[in-house]
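Have a look at the structure below, then the notes.
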Amino acid sequence: MPEENCKICKVEDSSPYVVYQTSFWRIRHIDETDIAGYCLLESKRHILDLSTARDEELEQYGVILSKLMAAQRKLIPSCERIYTYSLAEAVPHFHVHVIPRRADFPAEYKGRGIMAYPLSPVLELDRVSEVVKDLQRLLV
Ligand SMILES: [Zn+2]
């Protein structure tokens, strides 16, 4: 059941940030930061973490995460690392941050420094639309 006050449960399929969906998962480009290709992999069901995920959800999880990472690497040739983490503190609905870290990334934001990366400015919506279309093409 969707939670009334959950930001992720309220995401609409028509959002311009939505990249890809399966029956259990959604990939969405982030609407914070200016990092092109930074996506969230979020469960469609309102769960806190994978401890309560169903077998069929877990079966899709690894496949979709791998496909997203492969698409990010194709989209961003200078991608040296892909960071993944899930905290679920601000929004207690399972989602994984999947962040392509380019070679030219400022040193202070590499590794654990990514947590200090500025939330503004954000990527312009026109640029997000381009990236979303590119990722959709690469995810097929
Ligand atoms: Zn939710």
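Order of appearance sets the numbers: ligands from 1, and atoms from 1 within every ligand.
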Applying side chain to side chain contact (heavy atoms under 4.5 Å, CB included), can you list everything that pairs with L75, at least two apart in sequence or on another chain?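 V131, D134, L135, L138.
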Side-chain donor-acceptor pair under 3.5 Å between Y38 and H97, yes or no? yes
Do R28 and Y17 get their side chains close enough for a donor-acceptor pair, meaning under 3.5 Å?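 R28 vs Y17: no donor-acceptor pair found between side chains.
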Within a strict 2.8 Å cut-off of the Zn ion (ligand 1), protein N/O/S atoms tallied 4
Does atom CD of E12 have more than 12 heavy-atom neighbours, drawn from other residues, nucleotides or ligands, at distances under 6.0 Å?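 No - once you tally the heavy atoms of other residues, nucleotides and ligands closer than 6.0 Å, there are 12 at most.
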Counting only heavy atoms not in K44, do more than 12 fall under 6.0 Å of its NZ?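 It does: K44 NZ has more than 12 such atoms within range.
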Which of these, E3, R45, H46, sits in a side-chain hydrogen bond (donor to acceptor under 3.5 Å, both in side chains) with H93?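 Result: among E3, R45, H46, H46 is the only option passing the side-chain hydrogen bond (donor to acceptor under 3.5 Å, both in side chains) with H93.
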